[in-house]
Number of protein chains: 2
Amino acid sequence: MRIRDEKKESLIKQKAIEMIVKHGFDGLSMQKLAKAAKVSPATIYIYFKDREDLIETISVEEVNTMTELTLKGFSPDMPFEKGLKKQWNNRAAYWINNPVQARFMEQVRFSPIGQKVHCKIKQEFSNIMREFVGNAIRNKELIPLQTEVFWSVAYAPLYQLIKFHLDGRGMHNESFQLDTKTLNTAFKLVIKSLKP
Amino acid sequence: MRIRDEKKESLIKQKAIEMIVKHGFDGLSMQKLAKAAKVSPATIYIYFKDREDLIETISVEEVNTMTELTLKGFSPDMPFEKGLKKQWNNRAAYWINNPVQARFMEQVRFSPIGQKVHCKIKQEFSNIMREFVGNAIRNKELIPLQTEVFWSVAYAPLYQLIKFHLDGRGMHNESFQLDTKTLNTAFKLVIKSLKP
DNA sequence: TTTAAGTGAATGATTGTTCACTTAAATTTG
DNA sequence: CAAATTTAAGTGAACAATCATTCACTTAAA
């Protein structure tokens, strides 16, 4: 039996992400993708059921990879401020070091595909976050809040800063680059609002 | 000379938005759109140069409409907290009352088209915001901050809450609906972090 | 020899766009 | 006032190109 060339599969995935980031979902055609990955169109269908399955599989994989890295060195038992900072740093590092994947996930998240993908993501992350927030409130390091309010205040500013960074420009169209100092300034503001 | 049936134009636009929201940019084909709007495919090309122009035009229009409504009853001379609250309410009202347009803009914003659209949006809004923030800092109602940090802390939480609302579910997959009370809670947290 | 990986060419369907044409309203002419 | 003319709106059928997918076939490893 001939063995699978796993390099082919990952090259297909990588090229698919690149094409979507560059030209949107419109820009991903199976034949162009085959050409870019230097395989036959039929080869893609060995690894993926169809176009939809390809996009969905890649999306779920990318989200899970990011989630995993977000939790690196993090524990829900950490003191609130330290834990939140860890997550901010992990997220910022991942998005900034992987801008192509970042844009891909952004695009998936805010498209009809995002809904489908959402259901297939590991629930582990959600549970860990719930524990982290629960601990922080119990220890009176965090004011009691609805999960969604907490999430919005605690993380949305970070994602907006990263969005500015990825776009390469800020509010008034001047160029913008996210650095540690800016990140810390924003983080302190967030902590100020969340601490009792 | 035969006159333009403006109902046709707006129906084309509306159906285009609906199709994109439902099926993504992939789902917008000119022939399907023509069928949905009950016109000939050729008619669409009377109003728009090509598919790209169609999407771009609609995007710019929608963003400008939203921006206009965001500034309703707002003035950069307002006291900081009052002005920010006004904008939060205006934004929340628009996005919640126009969920289809909201999803459309979301999708545009986080796709390669977003970049092109960005350049063609009225600069008026950006200038008014700059004035508002400048005033607030001068009056010591707002701590001095980089524009992007201010924007991230002041508005990103609102948009995240709206996103939860549009998705219809929150962090842990329970159903979620944004109400005035939740909005106010989040707003107070934001104010707490931004006030000197 | 067996088995699955991998292929290039071909499938019919659908794509964005155009073109020769008809229709209707405004304007000019008688 | 009405008939003739002009002008642009609007059309359905058609275009080549491209689409996702398949199939008969070859290749390579167990």
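Chain A is the first sequence line, chain B the second, and so forth, proteins listed ahead of strands; every chain is numbered from 1.
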Query raised in the report: For C/dG16, does either OP1 or OP2 sit under 4.0 Å from a side-chain N or O belonging to B/Lys32?
Result: no
Requested in this report: Tell me what A/Ile3 touches on the nucleic acid: a base, only sugar-phosphate, or nothing, going by heavy atoms under 4.0 Å.
Outcome: sugar-phosphate
Query raised in the report: When you check the gap from the basic side-chain N to the acidic O, do B/Asp77 and B/Lys82 get nearer than 4.0 Å?
Result: no
Query raised in the report: Over how many whole Å does the gap from A/Ile46 atom CD1 to D/dT22 atom P extend?
Result: 13 Å
**Report entry** Within 6.0 angstrom of B/Glu174 CD, more than 12 heavy atoms from elsewhere
**Finding:** yes
Query raised in the report: So does A/His23 have more than 12 non-hydrogen atoms from other groups sitting under 6.0 Å from NE2?
Result: no
Query raised in the report: If you measure from the Lys or Arg side-chain nitrogens to the Asp or Glu carboxylate oxygens, is any gap between A/Arg103 and A/Asp167 under 4.0 Å?
Result: yes
Query - A/Met30 CE to D/dC23 P, straight-line distance once rounded to whole Å - result: 16 Å
Query raised in the report: Is A/Glu9 paired with A/Lys13 through a side-chain N to carboxylate O contact shorter than 4.0 Å?
Result: yes
Query raised in the report: Which atom pair, heavy atoms only, marks the closest approach of B/Met78 to B/Phe132?
Result: O-CE1, 3.9 Å
Could you list, one pair per line, each protein nitrogen or oxygen that sits under 3.5 Å from a nitrogen or oxygen of nucleotides 9-13 of chain C, together with the distance?
none

Query raised in the report: In terms of the nearest nucleotide of DNA chain C, which residue is placed more toward the 5' end: A/Thr43 or B/Asp50?
Result: A/Thr43
Query raised in the report: Is the closest basic N to carboxylate O distance between B/Lys15 and B/Glu18 below 4.0 Å?
Result: yes
Report task. Rounded off to whole Å, could you give me the NZ-to-P distance for the A/Lys38 and C/dG6 pair? Result -> 16 Å
Query - Phosphate-side-chain proximity, A/Tyr47 and C/dG6, N/O vs OP1/OP2 below 4.0 Å - result: yes
Report summary line: Across all chains, not counting sequence neighbours, the side chain to side chain donor-acceptor pair (under 3.5 Å) partners of A/Asn89 are none
Report task. Tell me which of A/Leu28 and B/Arg2 sits closer to the 5' end of DNA chain D, going by the nucleotide each one is nearest to. Result -> B/Arg2
Report summary line: Taking D/dG10, C/dT7, C/dG16 as options, the one with an atom nearest any side-chain atom of A/Val39 is C/dT7
Query raised in the report: How are the rings of B/Phe150 and B/Phe80 set relative to one another: parallel (under 30°), tilted (30 to 60°) or perpendicular (over 60°)?
Result: tilted
Requested in this report: Would you kindly give the CZ-to-C1' distance between A/Arg51 and C/dT15, to the nearest whole Å?
Outcome: 13 Å
Requested in this report: Look at the side-chain N and O atoms of A/Arg4 and state whether any lies under 4.0 Å from the OP1 or OP2 oxygen of C/dA5.
Outcome: yes
Report summary line: Sorted by position of nearest nucleotide on DNA chain D, 5' first, the leading residue of A/Lys49 and A/Asp26 is A/Asp26
**Report entry** A/Arg91 NZ/CZ over A/Tyr159 ring centroid, <6.0 Å and within 45° of normal
**Finding:** no
Requested in this report: Please check the phosphate of D/dT18 (OP1 and OP2 only) for any side-chain N or O of A/Ser29 closer than 4.0 Å.
Outcome: no
Requested in this report: Just call it for A/Phe48: base, sugar-phosphate, or nothing, with non-hydrogen atoms closer than 4.0 Å on any strand.
Outcome: nothing
Requested in this report: Would you kindly give the OH-to-C1' distance between B/Tyr45 and D/dT11, to the nearest whole Å?
Outcome: 15 Å
Query raised in the report: For the pair made of CG in B/Leu33 and P in C/dT17, what is the distance, rounded to whole Å?
Result: 12 Å
Query raised in the report: C/dA24 C1' sits how many Å from B/Lys8 NZ, rounded?
Result: 11 Å
Report summary line: Listing for DNA chain D: consecutive Watson-Crick or G-U pair runs of at least 3, distance cutoff 3.5 Å, ranges ordered by first number, gives C:1-30 with D:1-30
